[in-house]
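Following: one structure in structure tokens, then a few remarks.
Just so it is clear: chains get the letters A, B, ... in the order the sequence lines come, proteins before strands, and each one is counted from 1. Note that this is a predicted model, so its numbers are computed, not measured.
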Amino acid sequence: MRYSQMLLPTLKETPADAEVISHRLMLRAGFIRKLTAGIYSYLPYGLAALRRVETIVREEMNRAGAQELLLPMVQPADLWIETGRYEKYGPELLRFKDRHDRESCLGPTHEEVITDLVRRELHSYRDLPVNLYQIQTKFRDEVRPRFGLMRGREFLMKDGYSFDVSDEQADISYMKMYEAYKRVFSRCGLTFRAVQADSGAIGGNFSHEFMVLAETGEDTIVVCTACEYAANMEKAEVKVVGPASSEAMADLEKIETPGKRKVDAVCDFLGIEAANLVKTMVYLADGQPVTVLVRGDREVEEIKLKNLLKVADVVLAEDKQVFDATGVPTGYLGPVGLTIRLVADQEVVLMRNFVAGANEKNHHLKNVNYERDFQVEVVADLRKISTDDPCPVCGGRLELTEGIEVGHIFKLGTTYSEKMNAVFQDSDGQEKPFVMGTYGIGVSRVVAAAIEQNHDENGIIFPMPLAPYQAIILNLDPKDEKITAAAEGLYTDLVSEGVDVLLDDRDERPGAKFKDADLLGIPFRITVGKKFGQDGIVELRSRKTGESDGMSPDRLKAELLARIADEMVK
RNA sequence: CGGGGCGUAGCGCAGCCUGGUUAGCGCGCCUGCCUUGGGAGCAGGAGGUCGUAGGUUCGAAUCCUACCGCCCCGACCA
């Protein structure tokens with residue numbers, strides 16, 4: 001491609017409404033332009049990067065035995081009513097009526113449509129397993145779109161669905177996708193982790209998120225420094241440390257703690273550690289009060305609580321709500337004698353002689369003990385994991401890191417097939433619901449994540465597999481015949497060798513061309529300038545390392561081909 | 001949906017508080033000259049419903065009201 005003929009509007013200054021780095025660079029490098037909140041046009045250069053990701057995804061999906069198809073984006077409400085999601089999905093589902101007054105929606109995901117297709121077309125166990133995928137624009141009417149392509153309302157997604165005869169077979173399909181996803185992100189040249197995610201009702205280790213490690217990530221993940229373990233913070237299970245305290249139980253003692261409501265204040269006042277105190281937190285679980293006990297220095301993980309209670313929503317109760325539910329002002333709540341629902345983090349039952357609120361203003365209790373002084377409904381892992389905790393798998397040291405979710409695979413089981421009566425006849429003649437799995441990759445988000453992970457102060461540094469062009473040739477003086485002939489010759493030769501090359505033939509000064517080349521992040525830059533005029537030398541420079549070598553055009557061709565091949569992740 | 005901020009030329013901004021001829025600056029764009037290894041220089045030029053609507057006023061970019069749009073934090077979510 002010739003730069004002079006390409007719609008590639010680079011910006012010297014960053015538009016004011018872009019905050020995160022990938023968004024800024026995508027605007028500056030002429031990738032995208034915003035149409036309205038969360039909705040972007042892809043310009044030729046951005047589309048080329050998107051296509052790179054798509055190609056890798058296709059190759060790996062096909063390799064794993066999946067078949068590509070394309071499902072409609074406009075969907076009838078009826079299907080969504082069948083699964084109950086028309087109500088459940090909420091305002092993120094964009095609904096509208098067509099001219100015949102039929103309720104419709106824009107597809108935010110395609111479980112309903114694919115299940116409908118499969119129930120019509122597949123009837124026998126002989127047809128299974130089958131794995132179908134598409135690469136398509138999704139629309140989710142996000143409350144708060146942000147960060148450019150990172151969280152748009154309209155975005156490009158690969159979504160795939162597997163159908164199997166049994167749970168065991170579905171596990172095999174799942175693992176195939178797990179492996180395929182690892183290959184996809186490796187081939188994209190990304191640093192990522194596959195982490196265990198919250199699999200909600202399904203349970204087990206059958207939900208993984210693929211997280212690209214980058215500071216701007218919206219998720220926090222815990223990774224083990226010693227083994228392969230990695231999990232979303234929300235999901236990370238806490239391994240209970242140590243046996244129960246063997247200390248003898250002391251007598252319960254009520255003490256006055258005037259005005260001491262916060263953990264720190266109580267600890268200072270009594271001269272104890274937060275680890276010897278139990279916090280009593282009241283949550284509203286779908287509106288109903290539930291009390292949670294955790295050690296003073298720990299924090300409640302609300303997702304875990306939500307899953308334990310099997311409710312849609314948990315929020316920390318406000319002071320007034322706490323008082324209404326318990327008759328005790330916040331700060332003096334404790335488990336002893338409390339009459340509302342009570343659940344405890346597993347750590348609490350191991351503690352001896354701890355301090356807790358006395359359920360009376362300005363008073364706390366000393367030497368409280370589980371079982372002797374109070375009972376709870378459930379003991380479970382309810383707190384946030386911390387870097388003090390050991391790895392739940394190997395006991396190693398944990399680290400926290402930010403991640404961008406670029407993929408999510410999930411074993412669905414028969415949830416959808418049962419609701420939609422999608423069944424096949426098994427070898428024994430019985431009708432059975434398909435066992436399903438669902439697998440998504442945020443294609444446009446992968447591009448954003450790649451930029452988050454690969455840039456410097458001058459612009460993007462594309463990993464070779466995602467680069468829209470592998471090399472850019474700078475003709476530094478288009479008015480010089482000799483230089484121009486050399487640049488054009490190199491361009492023609494490289495194109496015929498199958499290299500994706502951009503030729504900067506614009507009538508711009510050298511500085512502008514250098515700046516743009518850096519900004520665009522093309523892995524190799526070939527400069528044809530006055531050194532060629534003098535000694536027949538052209539320059540080959542790596543965007544990543546900044547190293548450059550002068551050489552003859554012939555040598556450059558061979559050298560470039562070898563280095564491109566070298567940087568393509570197989 | 002709660003909190004905060006912002007809408008003035010394609011982009012980045014000033015002017016607004018304290019109303020007053022023709023609304024400025026830098027970059028970009030157009031023409032010409034000149035220049036060609038890190039976003040040059042000179043000269044000339046085009047480009048504006050000051051987000052929209054209403055109000056106050058002799059007079060509104062500036063004050064008031066409503067609405068619309070955009071960004072950030074939170075809640076939520078992939």
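Spacing between atom CG of A/Leu43 and atom C1' of B/rG10 amounts to 14 Å, rounded to whole angstrom units. In this entry the distance linking NZ of A/Lys12 with P of B/rG38 reads 14 Å, nearest Å.
Nearest to the side chain of A/Pro15, among B/rG12, B/rC77, B/rC70, sits B/rG12. Side-chain atoms of A/Glu13 lie closest to B/rG12 of the nucleotides B/rC72, B/rU36, B/rG12.
Base contact: A/Gly152 has a heavy atom under 4.0 Å from a base atom.
Side-chain atoms of A/Asp518 and base atoms of B/rG38 include a donor and an acceptor less than 3.5 Å apart. Judged by distance alone with a 3.5 Å cut-off, a donor-acceptor contact links the side chain of A/Arg151 to the base of B/rC77.
A sub-4.0 Å separation between OP1 or OP2 of B/rG39 and a side-chain N or O of A/Arg509 is absent. For A/Thr14 and B/rG12, the shortest distance from a side-chain N or O to OP1 or OP2 is not below 4.0 Å.
A cation-pi arrangement is present between A/Arg95 and A/Tyr86, with the terminal nitrogen or guanidinium carbon under 6.0 Å from the aromatic centre and inside a 45° cone about the axis.
Taking for each of A/Ala16 and A/Pro145 the nucleotide of RNA chain B with the nearest heavy atom, the 5'-most of the two is the partner of A/Ala16.
For B/rA60, there is no paired nucleotide, since no Watson-Crick or G-U wobble pair has both relevant distances below 3.5 Å.
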